[in-house]
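Here is the structure we will look at, set down as structure tokens.
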Protein chains: 2
Amino acid sequence: MNVMNASPRRKELTRLAAQLFVQEGFDRTTVRMLAQEMGIKSGSLFHHFKDKHEILAAVIEEGTQNALNIAQQALDDCGRDPEVRLRTMARAHLETLFADRNAHVVALFEWRRLDPSASAHLRHLRDAYEALWVDVIDDALRAGILHGDRFLVARFVLGALNWTVRWYDPHGARTPDELADELVAMLLPNADTTNV
Amino acid sequence: MNVMNASPRRKELTRLAAQLFVQEGFDRTTVRMLAQEMGIKSGSLFHHFKDKHEILAAVIEEGTQNALNIAQQALDDCGRDPEVRLRTMARAHLETLFADRNAHVVALFEWRRLDPSASAHLRHLRDAYEALWVDVIDDALRAGILHGDRFLVARFVLGALNWTVRWYDPHGARTPDELADELVAMLLPNADTTNV
DNA sequence: CTGCTAACCAAGCAAGCGCTAGTGTGAACT
DNA sequence: AGTTCACACTAGCGCTTGCTTGGTTAGCAG
């Protein structure tokens, strides 16, 4: 079941919803709050979305689909060198994470509020994204610049990156790209990228 | 303001609350559900806790205090070698994370539902815990077995470890200790700890 | 026996919740 | 000119929420 954000109006509403979901959390965000933020009355909201859960699904789909597109594009453009691909992927991850910050925070922390049907569809999207990572990490393992179990390494790296939404300020001292490079440098101590 | 879990009755109620908060999330857990799980009526609950938010604070305090104690103890017992200390800290972290799993999952994902007064007190506890980590990582940096910015490395490592609650099954193939060792091995490729 | 306290219960209030039903309204198409 | 349709509104239903109130019970100290 594809949720689809066809109309531009709906896409805008989804963006606003994402912001509120981050501020308040899904459960504490009422349809009346959502409607007010959108400049309409609460009843009108159900013309665009069949129920509150569909709004959540729309938010998460939007963010995940974007992440997938950006990562795919970045990988296509960056050549075959395993170290470069690893760095590219880390950069792409943080780039989306802070470009679509609201949508991703919702995806990471409100995942469980999805109803089962939407959850199944969105898990496929997320798995596709994770597969890109496992692929890149596989290359790095074969090249001998990383060590360990492929899935384990992927999850450790994704964990470290996703956790950044908890403490990193994108307007602070470091750019997302620098942050990504620092993580890769920590993992690949043979390269002399101990700058910054 | 210390929340305190003085009475043993209250401690038991806190443990049950943690379980429900994990299952349902704080917002979706009603006082009636909590009361039923505890074998009492919803009104009686407010004899033990002044309001629902105090239950959340009690859960989080319990878990964080435990983590601090365990880590402190483990560090006191493990000598001065930086690599050993790093491994010890990672093991201690995963040990608490899955021993007091419910309390920690709540602490990680329901943090924002705390009211400001409790939040301030508990942030101090958490900062004290994070300080232990920064200390250990400082040693590792000075010894040259890790590279990068001290806070950055600490947060990447904590991110990778905390994220494990999302995918790791403590009853699966790997013990928490093995998991911790794999992470350290990934970070310290000079050591030949690529076993398991 | 009396007085005190911790622990509990029954009943229910006021507020807020997601969502529905029925009704315009103005722009676009026929 | 008539029809359609996307979009919005008003009003409120039925239910659940956190929490309060006033009272009961059992255990224990003097």
Side-chain angles (χ1 to χ4, degrees), chain A residues 1 3-60 106 110-119, chain B residues 1 3-60 106 110-119:
Chain A
M1 186 206 71
V3 177
M4 286 254 300
N5 285 340
S7 88
R9 177 76 172 132
R10 185 172 151 133
K11 201 159 186 169
E12 170 65 6
L13 297 184
T14 302
R15 205 185 53 82
L16 289 170
Q19 192 189 340
L20 263 183
F21 287 162
V22 169
Q23 263 174 46
E24 306 287 329
F26 177 72
D27 290 317
R28 289 174 49 104
T29 304
T30 69
V31 291
R32 287 166 179 83
M33 293 164 65
L34 286 164
Q36 184 172 31
E37 197 75 8
M38 298 166 177
I40 58 180
K41 299 294 174 181
S42 73
S44 315
L45 217 157
F46 295 90
H47 171 76
H48 300 277
F49 303 92
K50 106 169 197 294
D51 57 23
K52 192 185 166 190
H53 280 89
E54 193 181 285
I55 310 182
L56 177 61
V59 167
I60 295 184
V106 172
E110 307 286 357
W111 187 268
R112 298 183 34 204
R113 267 58 174 176
L114 287 169
D115 34 329
S117 58
S119 167
Chain B
M1 187 206 69
V3 176
M4 287 254 299
N5 284 341
S7 90
R9 178 74 173 134
R10 184 172 151 134
K11 200 160 186 169
E12 171 64 6
L13 297 183
T14 302
R15 205 185 53 81
L16 289 171
Q19 191 188 340
L20 265 182
F21 287 161
V22 169
Q23 261 175 47
E24 305 287 330
F26 176 72
D27 290 317
R28 288 174 50 103
T29 304
T30 69
V31 293
R32 285 166 181 81
M33 292 164 65
L34 287 165
Q36 185 172 30
E37 198 73 10
M38 299 166 178
I40 58 179
K41 300 295 174 180
S42 71
S44 315
L45 219 156
F46 295 91
H47 171 75
H48 300 279
F49 304 92
K50 107 170 198 294
D51 58 22
K52 192 185 166 191
H53 280 88
E54 192 180 286
I55 309 181
L56 177 62
V59 167
I60 296 184
V106 171
E110 308 285 358
W111 187 267
R112 297 185 34 208
R113 267 59 174 174
L114 286 169
D115 34 329
S117 58
S119 167

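Any value given below was found using the heavy atoms of this structure, including those in side chains, with hydrogens, waters and symmetry copies removed. Bear in mind the structure is a predicted one, so any value in this text is a computation, not a measurement. In what follows, every chain begins at residue 1, and chains take the letters A, B, ... in the order their sequences are listed.
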Once you round it to whole Å, what is the distance between [atom2] of [N] and [atom1] of [X]?
{"X": "B:Phe46", "N": "D:dC19", "atom1": "CZ", "atom2": "P", "value": "5 Å"}
{"X": "B:Asp51", "N": "D:dC19", "atom1": "CG", "atom2": "C1'", "value": "9 Å"}
{"X": "B:Ile40", "N": "C:dC9", "atom1": "CD1", "atom2": "P", "value": "6 Å"}
{"X": "B:Leu34", "N": "D:dG18", "atom1": "CG", "atom2": "P", "value": "8 Å"}
{"X": "A:Phe49", "N": "D:dA8", "atom1": "CZ", "atom2": "P", "value": "11 Å"}
{"X": "A:Gln36", "N": "C:dG16", "atom1": "CD", "atom2": "C1'", "value": "15 Å"}
{"X": "A:Leu45", "N": "D:dC7", "atom1": "CG", "atom2": "P", "value": "13 Å"}
{"X": "A:His48", "N": "D:dC5", "atom1": "NE2", "atom2": "C1'", "value": "13 Å"}

Looking at residues 18-30 of chain A, who's got a heavy atom less than 4.0 Å off DNA chain C?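 Only A:Thr29, A:Thr30 qualify.
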Taking only side-chain N and O atoms of B:Lys52, does any of them lie within less than 4.0 angstrom of OP1 or OP2 on D:dG18?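 Looking at the OP1 and OP2 atoms of D:dG18, one of them is under 4.0 Å from a side-chain N or O of B:Lys52.
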With a 4.0 Å limit, can you tell me whether B:His47 has a side-chain N or O closer than that to the phosphate oxygens OP1/OP2 of C:dC8? no
Point-to-point distance, once rounded to the nearest 0.5 Å, from OG of B:Ser42 to CE of B:Met33: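 Reported value, rounded in 0.5 Å steps: 13.0 Å.
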Along DNA chain C (nearest heavy atom to each residue), the more 5'-positioned of B:Gly43 and A:Ser44: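 Residue closer to the 5' terminus by nearest nucleotide: B:Gly43.
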Can you spot which of B:Thr29, B:Thr30, B:Leu34 makes a side-chain contact (heavy atoms from CB on, under 4.5 Å) with B:Arg32?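 That would be B:Thr30; it is the only one of B:Thr29, B:Thr30, B:Leu34 passing the side-chain contact (heavy atoms from CB on, under 4.5 Å) with B:Arg32.
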Determine the sole option in A:Leu45, A:Leu13, A:Thr14 for which the side-chain contact (heavy atoms from CB on, under 4.5 Å) test with A:Ile55 is passed.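 Output: one option passes, namely A:Leu45.
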Whether [X] side chain and [Y] backbone form a donor-acceptor pair below 3.5 Å:
{"X": "A:Arg28", "Y": "A:Gln23", "answer": "no"}
{"X": "B:Arg10", "Y": "B:His48", "answer": "yes"}
{"X": "A:Glu110", "Y": "A:Phe26", "answer": "yes"}

Looking at D:dG18, does its base get a donor-acceptor pair with the side chain of B:Arg32 below 3.5 Å?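 Under the 3.5 Å cut-off, the side chain and the base do form a donor-acceptor pair.
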So what does B:Arg9 touch, heavy atoms closer than 4.0 Å: a base, only the sugar-phosphate, or nothing?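 Counting heavy atoms under 4.0 Å across all strands, the contact made by B:Arg9 is with sugar-phosphate only.
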State whether B:Glu12 and B:Arg9 are salt-bridged, where the test is any N-O pair (Lys NZ or Arg NE/NH1/NH2 against Asp/Glu carboxylate O) under 4.0 Å.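 Not counted as a salt bridge, because no side-chain N and carboxylate O are separated by less than 4.0 Å.
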Which nucleotide in the set C:dA10, C:dC19, D:dG18 lies at the smallest distance from any side-chain heavy atom of B:Lys41? C:dA10
